[in-house]
A.B. asks: 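The structure's right below; bear with me while I get my questions together.
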Amino acid sequence: MKILITGGAGYIGSHTNRYFTSMGDETVVLDNLSYGHREAVKWGRLVVGDIGDRAMLDSLMAEERFDAVIDFAGFISVGESVENPSKYYENNVVKMKALLDAAVAHDIKYFVFSSSAAIFGEPSRVPIDEEHAKNPINPYGRTKLIGEMMLEDYGRAHGLVSCPLRYFNAAGDSSDALIGEAHDPETHLIPLVLRATRTGKPMRVFGDNYDTRDGSCIRDYIHVEDLAEAHYLGLKYIMEHKKSEAFNLGSSDGMSVLELIAEAERVTGKPVPHEIVERREGDPAELIASNGKARSLLGWTPKKSNVGTILRDAWNWEQNRKY
Ligand code: UDP
């Protein structure tokens, strides 16, 4: 198969690109390199361009005749989306529409979409299954939900078959440290914990007064290589069944921020200097996925998503990163 991977120079996209090529598929990565890294595209062909550039999409799609699109070209920062919603609606909605229009015009039938647990907002129950109410509480989550709604509408009107994948907390890196997480600025917990370990400069724990077992927030960390495999299985599934299907992707295990810090100290053998500060706005106390649907329909089993493995891979990357 030949697959267009938009945003394939980014964190989850680059691991997914690697996975598909390891399975024998041909990939073209389209990335404007605004956040992605050229060095992360070690497999397939890299085209530097923007998903909002319809003329470029037309010529690329006419030339390559893709079987499917996997779309990672979204902006991902919740805090930034609150301060600058326009940037998020422009990229995650307006430009995504250009990509969808081009896909339909070039008769591409299958579309896998990076969605997010953020579409659910403050959960009324955990674990969160696919039927849970969708009430995003920030512009980022709203743009992802709109993306899913566009896919539904394009499916009805044009027969586009889609697979929205709602990631919980993507974490970890390739175990050989060839590619890994490299956000700038970094806002995610695990890289910041390991950076504090390496530099000795304290990281901040956002709140220890939540209604959880130790007062800090609980999240469901899922290894990026498990996510990469889920894209492969998801695409195979929708191609086989010719039916759109959304999946929540997490380990179904919750870990608190303070538990994660303790585990990082165990894995690295070093202290994690940290200080407790105010809560961060918009952080739900607990987010845990129900992954039953992905397990039963896709046969997906997270293999690397215990926090020890995630931290070992992330520590290796932190010490050996190339970009
Ligand atoms: N967090 C923290 N300090 C940081 C970054 C994150 O305490 O410097 C907490 C955050 O409040 C949340 C968890 O770590 O409970 C995971 O946050 P992250 O930003 O990695 O992912 P999110 O859950 O926002 O998608």
Side-chain angles (χ1 to χ4, degrees), residues 10-12 35 72 74-83 88 92 114-123 126-128 136-145 165-173 180-224 227 248-265 272-289 305 307 310-311 313-315 317-318:
Y11 173 44
I12 305 173
Y35 291 98
F72 294 97
F75 291 159
I76 59 160
S77 169
V78 170
E80 187 187 43
S81 80
V82 175
E83 281 157 26
Y88 280 70
N92 294 5
S114 279
S115 187
S116 168
I119 67 166
F120 295 108
E122 189 72 53
V126 292
I128 301 171
I137 54 172
N138 53 58
Y140 166 68
R142 293 203 178 105
T143 63
K144 287 289 156 184
L145 184 55
L165 299 176
R166 291 90 174 240
Y167 315 141
F168 280 63
N169 285 64
D173 304 274
E181 184 167 14
H183 297 118
D184 186 17
E186 188 53 78
T187 60
H188 293 109
L189 180 66
I190 291 178
L192 291 176
V193 162
L194 297 176
R195 196 173 296 174
T197 303
R198 186 171 52 76
T199 63
K201 289 200 194 116
M203 52 84 54
R204 296 175 299 163
V205 173
F206 296 136
D208 66 349
N209 54 1
Y210 286 92
D211 184 16
T212 58
R213 49 186 177 257
D214 62 17
S216 64
C217 287
I218 293 178
R219 292 289 180 274
D220 178 339
Y221 297 91
I222 180 79
H223 198 292
V224 66
L227 285 181
N248 292 357
L249 297 180
S251 68
S252 289
D253 264 340
M255 185 106 191
S256 78
V257 174
L258 293 172
E259 288 166 348
L260 192 134
I261 287 174
E263 186 67 13
E265 293 184 331
V272 176
H274 61 275
E275 57 196 20
I276 311 288
V277 300
E278 288 299 295
R279 292 180 177 196
R280 186 172 68 176
E281 207 188 319
D283 268 343
E286 188 170 17
L287 290 175
I288 300 176
S305 292
V307 172
I310 287 174
L311 284 166
D313 287 349
W315 183 230
W317 169 249
E318 178 65 23

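Order of appearance sets the numbers: ligands from 1, and atoms from 1 within every ligand.
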A.B. asks: Verify the distance criterion only: is there a donor paired with an acceptor across the side chains of D208 and S216 at less than 3.5 Å?
C.D. replies: no
A.B. asks: Would you please say whether a donor-acceptor pair under 3.5 Å links the side chains of S114 and Y167?
C.D. replies: yes
A.B. asks: Please confirm whether Y11 and H183 have ring centers closer than 6.0 angstrom.
C.D. replies: yes
A.B. asks: Is it the case that atom CZ in R279 sees more than 12 heavy atoms from other parts of the structure closer than 6.0 Å?
C.D. replies: yes
A.B. asks: Indicate whether the side chain of Y210 and that of E286 have a donor and an acceptor atom separated by less than 3.5 Å.
C.D. replies: no
A.B. asks: In order of chain and number, which residues sit within 4.0 Å of ligand 1 by heavy atom?
C.D. replies: N169, T187, H188, L189, L192, M203, R204, V205, F206, C217, R219, Y221, V257, R280, D283
A.B. asks: With heavy-atom distances below 4.5 Å as the criterion, would you say the side chains of N92 and F75 are in contact?
C.D. replies: yes
